[in-house]
Amino acid sequence: MGVAEVGGRAGQLKSSGLRPGWTTGACATAATKAAYQALLTGAFPDPVVITLPKGQRPGFALAAEERAGGRAMAGVVKDAGDDPDVTHGALIRSTVWAGEPGSGVVFRAGPGVGTVTKAGLPLAVGEPAVNPVPRQMIRDAVAEVAAEFGGGGDVVVEVSVDHGEEIARSTWNPRLGILGGLSILGTTGIVVPYSCSAWIDSIRRGVDVARAAGRTHVAGCTGSTSEKVAADVHGLPEDALLDMGDFAGAVLKYLKRHPVPRLTVAGGFAKLSKLAAGHLDLHSARSQVDQGHLAALARTGGAGPELAAAVAAANTALEAIQLCRAAGVPLGDLVAEAARATALGVLVGSPVTVDVICIDRAGSVVGRAEPLGP
C-alpha cells in the first residue's frame with residue numbers, strides 16, 4: 001500500500017504530509033482540566049495532558065490563567081493544524097467553580113459560546129452548545145482531577161471563546177438555531193486536515209433540524225446565490241436551506257436514511273453538470289465538468305453535429321450553455337434533468353421527490369427539472 005499503509009484517516013494524513021490539529025472540544029477539555037486542578041491546588045499544570053476518546057494523551061500549553069473569587073480560569077489557543085478551520089487561533093477558555101453537592105458537572109455558555117434554540121440537535125433547547133462527546137471528555141477530565149487531588153467533582157464549567165460570536169457568523173450556527181457564538185465540537189479530539197467531516201456533519205445536523213421543525217421540503221444549495229434563488233422560488237424558510245457546498249452526496253445519502261418528502265437541488269450550472277454526469281463530490285479537485293457529456297446531452301435536445309462539437313470543445317460550461325441557448329437547445333433543462341436522475345438514483349427506495357434548479361453566476365435560472373418522485 002506504499003506510503004498509506006495505514007487505512008482510513010490515518011492513512012490519508014500520512015500520505016498527505018499535512019499536520020493534524022485539535023478540536024474545540026479537546027481545547028475546552030484541556031482548559032477545564034487545568035482550571036479545576038488550579039481550583040483544588042492553587043497551581044495550574046502547564047502543559048496540561050488530557051486523554052482523547054481513542055486513548056491518545058496530548059499535552060496543551062496554557063495561553064491564559066487566572067484565580068480569583070473562588071473561581072479558576074484557564075485558556076488554550078486552538079491549533080487546527082493545516083486545516084482551514086475558522087476557529088484556528090481562537091482562545092478557548094474554561095472557568096470552573098464549585099457546584100452544588102451531587103450536581104456533577106454543570107455546563108454554562110460563556111461569551112462566544114452559543115446556546116441551542118431549535119430542536120433537532122443532539123442537545124436540548126436552552127443548553128450550551130457543548131456537544132455530547134466534548135461534554136463527556138470534560139466530565140472524564142474533571143473526574144480524573146478529582147480523584148488525584150481529592151475534589152468532589154461537583155463543578156460548574158463555563159466555556160467561552162474569545163470573539164466567538166463574531167466567528168460564528170461564518171458558520172452554520174445561526175441557521176441551526178445556535179445563537180450567541182460557536183459550538184464546542186469534536187468526536188475524536190483530532191482535526192484531520194481537509195477531511196471535510198465538519199461540513200458534512202453540519203449538513204446532517206441541518207437535515208435533523210429541518211425534520212424536527214416539521215419541514216416537508218428542503219433545498220440543498222451549492223452556495224449563497226443558489227440558496228437565495230431556491231428560497232425565492234419555493235418560499236422556503238431559513239432552516240429548510242442546506243448549504244451543501246460541493247457535498248451533494250452527503251445530502252443525498254443522509255436524506256436516503258432520514259427522508260424529507262421534497263428535495264430541491266439548486267446550484268450553479270457548472271457544478272450541477274458534474275452531478276448530471278454522476279459525480280457526488282462537486283469540488284474542482286475531485287471532479288471536472290465533462291464537456292463530452294454536455295455535448296451528448298445537447299444532442300438529445302436537438303443539437304446537430306456542428307453544435308455538439310462546439311459544446312465538446314467549449315472552454316467552460318458557461319460557454320457551452322451560451323452556445324446551446326443561442327441555438328435554441330435547452331441544455332440547462334437537460335442538465336437539470338440528468339442531475340435529478342443522479343439524485344434519484346442515490347435516493348432509490350426512499351420516499352423523496354426531487355426537483356433541480358440550475359443558475360448562472362448572476363443568479364438567473366438557466367435550467368429546471370420539475371419534481372419527480374421514486
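Since the structure is predicted, the reported quantities are computational estimates derived from the model, not experimental observations. For the numbers below, each heavy atom of this structure counts, side chains included, while hydrogens, waters and symmetry mates do not.
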| field | Interatomic spacing from OG1 in Thr187 to NZ in Lys54 - rounded to 0.5 Å | value | 7.5 Å
| request: To the nearest 0.5 angstrom, please state how far the CG atom of Asp239 sits from the CG atom of Leu176. | output: 9.5 Å
Within the structure provided, determine whether [X] and [Y] are in side-chain contact (heavy-atom separation under 4.5 Å).
| X | Y | value |
| --- | --- | --- |
| Glu100 | Asp154 | no |
| Leu280 | Lys253 | yes |
| Val209 | Arg175 | no |
| Leu323 | Leu331 | no |
| Pro128 | Arg135 | yes |
| Leu52 | Trp22 | yes |
| Pro45 | Lys33 | no |

[X] and [Y]: same hydrophobic cluster, using ILVMFWY side-chain contacts below 4.5 Å?
| X | Y | result |
| --- | --- | --- |
| Ile357 | Val260 | no |
| Ile200 | Val265 | yes |
| Val233 | Val335 | no |

| query | Does His293 NE2 have over 12 foreign heavy atoms under 6.0 Å away? | reply | yes
| Would you find more than 12 non-hydrogen atoms of other residues, nucleotides or ligands less than 6.0 Å from Lys118 atom NZ? | yes
| request: Please list, chain by chain and in numerical order, all residues satisfying side chain to side chain donor-acceptor pair (under 3.5 Å) with Lys256, sequence neighbours excluded. | output: none
| field | Set of residues satisfying side chain to side chain donor-acceptor pair (under 3.5 Å) with respect to Ser273, sequence neighbours excluded | value | none
Specify the closest pair of heavy atoms between [X] and [Y], including all atoms of both residues, with the distance to one decimal.
| X | Y | value |
| --- | --- | --- |
| Ala74 | Ala34 | CB-CB, 3.9 Å |
| Phe44 | Ala35 | CE2-CA, 4.2 Å |
| Thr222 | Ser226 | N-OG, 3.3 Å |
| Ala26 | Gly189 | CB-O, 3.6 Å |

Output the rest of the hydrophobic cluster of [X]: all Ile, Leu, Val, Met, Phe, Trp and Tyr residues reachable through side-chain heavy-atom contacts under 4.5 Å, sorted by chain and number.
| X | result |
| --- | --- |
| Leu241 | Leu236 |
| Leu91 | Val77 |
| Val155 | Tyr36, Leu39, Leu40, Val86, Ile92, Val96, Val105, Phe107, Val113, Val130, Ile138, Val142, Val145, Phe149, Val157, Val159, Val161, Ile167, Leu182, Ile184 |

Given 3.5 Å as the limit, does a donor-acceptor pair link the side chain of [X] with the main chain of [Y], or not?
| X | Y | value |
| --- | --- | --- |
| Thr353 | Pro371 | no |
| His279 | Lys274 | no |
| Arg262 | Ala219 | no |
| Ser94 | Ala28 | no |
| Arg340 | Glu370 | yes |
| Lys271 | Asp246 | no |
| Thr24 | Leu185 | yes |
| Asp281 | Phe247 | no |
| Thr41 | Ala43 | yes |
| Gln291 | Ala314 | yes |

| task | Would you check, one step at a time, whether the test salt bridge (Lys or Arg N to Asp or Glu O under 4.0 Å) holds for Asp85 with Lys78? | result | CA-CA 10 Å; Asp85 192 309; Lys78 177 176 174 178; 3.0 Å; yes
| Are Ser183 and Asn131 close enough that a side-chain donor and a side-chain acceptor fall under 3.5 Å? | no
| field | Check: Asp355/His234 side-chain N/O donor and acceptor closer than 3.5 Å | value | yes
Distance-only criterion, 3.5 Å: show the donor-acceptor pairs between side-chain atoms of residues 56-70 and protein atoms not counting sequence neighbours.
unit_1	atom_1	unit_2	atom_2	d
Arg57	NH1	Thr51	OG1	2.5
Arg67	NE	Ala38	O	3.4

| query | Should the pair Asp201-Arg205 be classified as a salt bridge under the 4.0 Å nitrogen-to-oxygen rule? | reply | yes
| field | Basic-acidic side-chain contact under 4.0 Å: Arg19, Asp79 | value | yes
